[in-house]
Student: 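Have a look at this one before I ask anything.
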Amino acid sequence: MYTPATADQLLALSVNTGIDELAQNERFAAAEPDMVSAIVEGIGALAAGEWAPLNRTGDLEGAKLTDGTVHLPDGFAGAYGDYIEQGWNTIAAPADFGGQGLPFALATNVLENLGTANMAFTLLPILSVGAVEALFHHGAEAQKAKYLPKLISGAWSGTMNLTEPQAGSDVGALRTTATPIGEGEHAGKYRINGSKIFITWGEHELAENIIHLVLARLPGAPEGSRGISLFVVPKYHVNDDGSLGARNDLRCVSLEHKLGINASPTCVMSFGEGAGTGGECIGELVGAENRGLMAMFTMMNNARINVGSQGVQIAERATQQAIAYAKERVQSPRAGAADKSPVAIIEHPDVRRMLIRMKALTEGARALLYYTAGQVDRGTLGDADAATRAEVLVPLLKAWGTDIGCEVASIGVQVHGGMGFIEETGAAQHYRDARIAPIYEGTNGIQAADLVTRKLGMDGGGAVERLLQDIARDAADESNLAALAQDCVAIAQWMRDTASLDDRLAGSVPFTTMCAVAVTGWQLLRQARAVADGAAPSLAQVKPVTVRYFIDHIVPEAMGLKASATAGAALLYTLDSEALAG
């Protein structure tokens, strides 16, 4: 069973996003309280009623490739059709192309609910939303008119094609080529040739067309990442009147065999290698030549927020399942109790500790998610400081949020005991599904490297320090939280002014965790204050406890990472590679 976390989501939207304040701007004026509640409750109903029941069958049956066509289990097509028909894909998309133009934070809520119900399935709309972002910001007007309305409606889906077998995370090493076409039907376009791996939802039959965004090299392009261009490559050519034409020369060669998210077809894609129309895969250049990585990062930044949300999603689902099991599983009397009758395991201290930890981490990750989304929305409204803060928050959310998803799913298995290791209970699926998120859209190590290199230097270090000083100031009555924020300030200054690049990178992951926990504790503290003032009455009993646990237990753990964050890289290189491997 899955029950949408509606009350906690509405609280996060109110306190952490500041949705009421956003609605005071003309652009977001439609985001009134009744509208916000209707969206959160409506998508929760669709998620629980249609997407959640497909989670287990999707895991067991998975996506299947037959003669180049991907087939999904029964029920997926109908559930996706209802998602499209009800307009959920349009929430935050530009109104000029058929979107509703509502705050990004509300679209975040749509994906959180769907992903909690069915993480593998929700990867489909996540990528489509990213494709809309990339084309809206970097596409030509004709491209926007051609592709955005159907992508925004969800009738067409989008993908991101970066990774190649020999390149991995080193996108600059890609070999896919784009050759200009000088004459004929496709004059002014490009022949795309090459292969991509790990393409999520790269082939399926749920949407009428699939719009692939593909990174490739033009002839004579500079080496490395400076020579990459972005191309839009549709599965079916799109005629001038918007109707679909012939099949483009691209195909899914195989599906990856994965640890989890089995309902998501993760494809090896072949472009222009004789699959469809005589070896001619046709694409259109998006933006300027050799500026493709910048355009793709627009899509990736959006995706990184939504991947951070996946940590919240899987944590929420695992927590709900663990609590339900702990209430039903009767085993042993409670230690120290006068009554020696067996009790439900939820009464035992260690199980109680695990469940409260799961709830505190899940609610914390959600608070960080909606705070980040709110800063994105303020940036959209022209608040430059908020836009900068969002850039700082994204690696924190993506890295820590997905680590939390894994931790909470793992604790969920532990609560089940031996039954958690048995596939039939479903706890193991959450653990397997969660594990991809720390790898998606730049591994968590890459997120940490981004924080201590590019983000740490923004505004001469001011962007990060202002955030941490805001926490220390607002949390002055919580000594541990304020001290953690000040520790982060000191480490940031050391990394920026004294540490070598190797030293910074060696401490980047613990530093990222420290910063994420500091921001999260702050946002949870704001929630607790709001609840104490009468917000979210249904959470009045629970919220103070989960916030107290986070500040009293999670925050001190993060404080203990200071030594690791500042240890430097020398010890890591005491052994040479052969000695380390031997």
Student: Kindly check if the number of other-residue, nucleotide or ligand heavy atoms within 6.0 Å of CZ (R435) is above 12?
Tutor: no
Student: About how many Å separate CD1 of I181 and CZ of R191, when rounded to the nearest 0.5 Å?
Tutor: 4.5 Å
Student: Start with the C-alpha gap between E273 and K196, add the side-chain angles, then the distance that decides, and say whether salt bridge (charged side-chain N to carboxylate O under 4.0 Å, His left out) holds.
Tutor: CA-CA 12 Å; E273 297 177 335; K196 301 285 185 177; over 6 Å; no
Student: Any chance you could measure I228, atom CD1, to L293, atom CG, to the nearest 0.5 Å?
Tutor: 5.0 Å
Student: Does a donor on one side chain sit under 3.5 Å from an acceptor on the other, for N444 and T402?
Tutor: yes
Student: Tell me which pairs pass salt bridge (Lys or Arg N to Asp or Glu O under 4.0 Å) where either residue lies in residues 291-304, with sequence neighbours left out.
Tutor: none
Student: Do the side chains of L285 and L230 get nearer than 4.5 Å, heavy atoms only?
Tutor: no
Student: Among all residues two or more places apart in sequence or in another chain, which pass the salt bridge (Lys or Arg N to Asp or Glu O under 4.0 Å) test with D450?
Tutor: R454, K455
Student: Using a 4.5 Å cut-off on heavy atoms from C-beta on, say whether the side chain of T176 contacts that of N193.
Tutor: no
Student: Set out, in order, the CA-CA distance, both residues' side-chain angles and the distance that settles side chain to side chain contact (heavy atoms under 4.5 Å, CB included) for F231 and V286, then state yes or no.
Tutor: CA-CA 5 Å; F231 299 86; V286 177; 5.8 Å; no
Student: Answer with yes or no after comparing the ring centroid distance for H186 and H237 against a 6.0 Å cut-off, counting only values under it.
Tutor: yes
Student: Any luck finding a side-chain donor-acceptor pair between S309 and Q313 under 3.5 Å?
Tutor: yes
Student: Can you list every ring-ring contact (aromatic ring centres under 6.0 Å, His included) pair that touches residues 123-164, not counting sequence neighbours?
Tutor: none
Student: In the structure I gave you, are the side-chain heavy atoms of E164 and I197 within less than 4.5 Å of one another anywhere?
Tutor: no
Student: I need the full list of side-chain hydrogen bond (donor to acceptor under 3.5 Å, both in side chains) pairs touching residues 379-390, with sequence neighbours left out, sorted by first then second residue.
Tutor: Y371-R389, R389-D470
Student: Under 4.5 Å between any side-chain heavy atoms of Q100 and L106, yes or no?
Tutor: no
Student: Evaluate L213 against T159 for side chain to side chain contact (heavy atoms under 4.5 Å, CB included), listing each step before the verdict.
Tutor: CA-CA 6 Å; L213 293 181; T159 73; 5.8 Å; no
Student: Can you confirm whether V408 sits close enough to Y431 that some side-chain heavy atom of one is under 4.5 Å from a side-chain heavy atom of the other?
Tutor: no
Student: If you look only at pairs with a residue in residues 106-116, which of them pass as a side-chain hydrogen bond (donor to acceptor under 3.5 Å, both in side chains), with sequence neighbours excluded?
Tutor: Y2-N113, Q9-N109, Q9-E112, Q9-N113, N109-N113, N109-Y370, E112-R366, E112-Y370
Student: Could you check whether any side-chain N or O of N89 sits under 3.5 Å from a backbone N or O of I84, counting only pairs where one atom can act as donor and the other as acceptor?
Tutor: no
Student: Would you list the pairs meeting ring-ring contact (aromatic ring centres under 6.0 Å, His included) in which at least one residue belongs to residues 102-127, sequence neighbours left out?
Tutor: W51-F121, F76-F121
Student: Less than 4.5 Å apart, any side-chain heavy atom of H212 and any of P234?
Tutor: no
Student: Any salt bridge (Lys or Arg N to Asp or Glu O under 4.0 Å) pairs touching residues 174-186, not counting sequence neighbours?
Tutor: none
Student: Not counting sequence neighbours, which residues clear salt bridge (Lys or Arg N to Asp or Glu O under 4.0 Å) with R496? List them please.
Tutor: E465
Student: Do I404 and V312 come within less than 4.5 Å of each other through their side chains, counting heavy atoms only?
Tutor: no
Student: Quick one: salt bridge (Lys or Arg N to Asp or Glu O under 4.0 Å) partners of K144, sequence neighbours excluded?
Tutor: E141
Student: Give a yes or no on whether D497 atom CG has more than 12 heavy-atom contacts from other residues, nucleotides or ligands under 6.0 Å away.
Tutor: yes
Student: Report, as yes or no, whether the 6.0 Å neighbourhood of atom CG on D241 holds more than 12 heavy atoms from other residues, nucleotides or ligands.
Tutor: yes
Student: Quick check for you: to the nearest 0.5 Å, what is the distance between E280 atom CD and T179 atom OG1?
Tutor: 10.0 Å
Student: Checking T266 against K258 for the side-chain hydrogen bond (donor to acceptor under 3.5 Å, both in side chains) test, could you report, in this order, the C-alpha distance in whole Å, the side-chain angles of both residues, the deciding distance, and whether it holds?
Tutor: CA-CA 8 Å; T266 307; K258 309 188 295 292; 3.2 Å; yes
Student: Can you tell me how far apart SG (C281) and CD1 (I192) are? Round to the nearest 0.5 Å.
Tutor: 6.0 Å
Student: Measure the shortest side-chain to side-chain distance between Q429 and N55 over non-hydrogen atoms and say whether it is less than 4.5 angstrom.
Tutor: yes
Student: Please determine whether the number of non-hydrogen atoms from other residues, nucleotides or ligands lying under 6.0 Å from atom OH of Y440 exceeds 12.
Tutor: yes
Student: Would you check, one step at a time, whether the test side chain to side chain contact (heavy atoms under 4.5 Å, CB included) holds for L124 with L206?
Tutor: CA-CA 10 Å; L124 173 58; L206 302 189; 4.0 Å; yes
Student: Can you find a side-chain donor-acceptor pair between N209 and K150 that sits under 3.5 Å?
Tutor: no
Student: Under the salt bridge (Lys or Arg N to Asp or Glu O under 4.0 Å) test, which residues partner D459, sequence neighbours left out?
Tutor: R466
Student: Compute whether any side-chain donor of one residue and acceptor of the other, for T69 and H204, lie under 3.5 angstrom apart.
Tutor: no
Student: Partners of W201 by side-chain hydrogen bond (donor to acceptor under 3.5 Å, both in side chains), sequence neighbours excluded?
Tutor: S264
Student: Determine whether a donor-acceptor pair (N or O, by modelled atom type, separation under 3.5 Å) exists between the side chain of R247 and the backbone of L250.
Tutor: yes
Student: Quick one about Y236 and N248 (side-chain donor to acceptor, distance below 3.5 Å, no hydrogens or angles considered), yes or no?
Tutor: no
Student: Report the C-alpha distance between L215 and S229 in whole Å, list the side-chain angles of each, state the deciding distance to 0.1 Å, and finish with yes or no for side chain to side chain contact (heavy atoms under 4.5 Å, CB included).
Tutor: CA-CA 6 Å; L215 291 179; S229 299; over 6 Å; no
Student: How would you list all residue pairs meeting salt bridge (Lys or Arg N to Asp or Glu O under 4.0 Å) that involve residues 499-516, not counting sequence neighbours?
Tutor: none
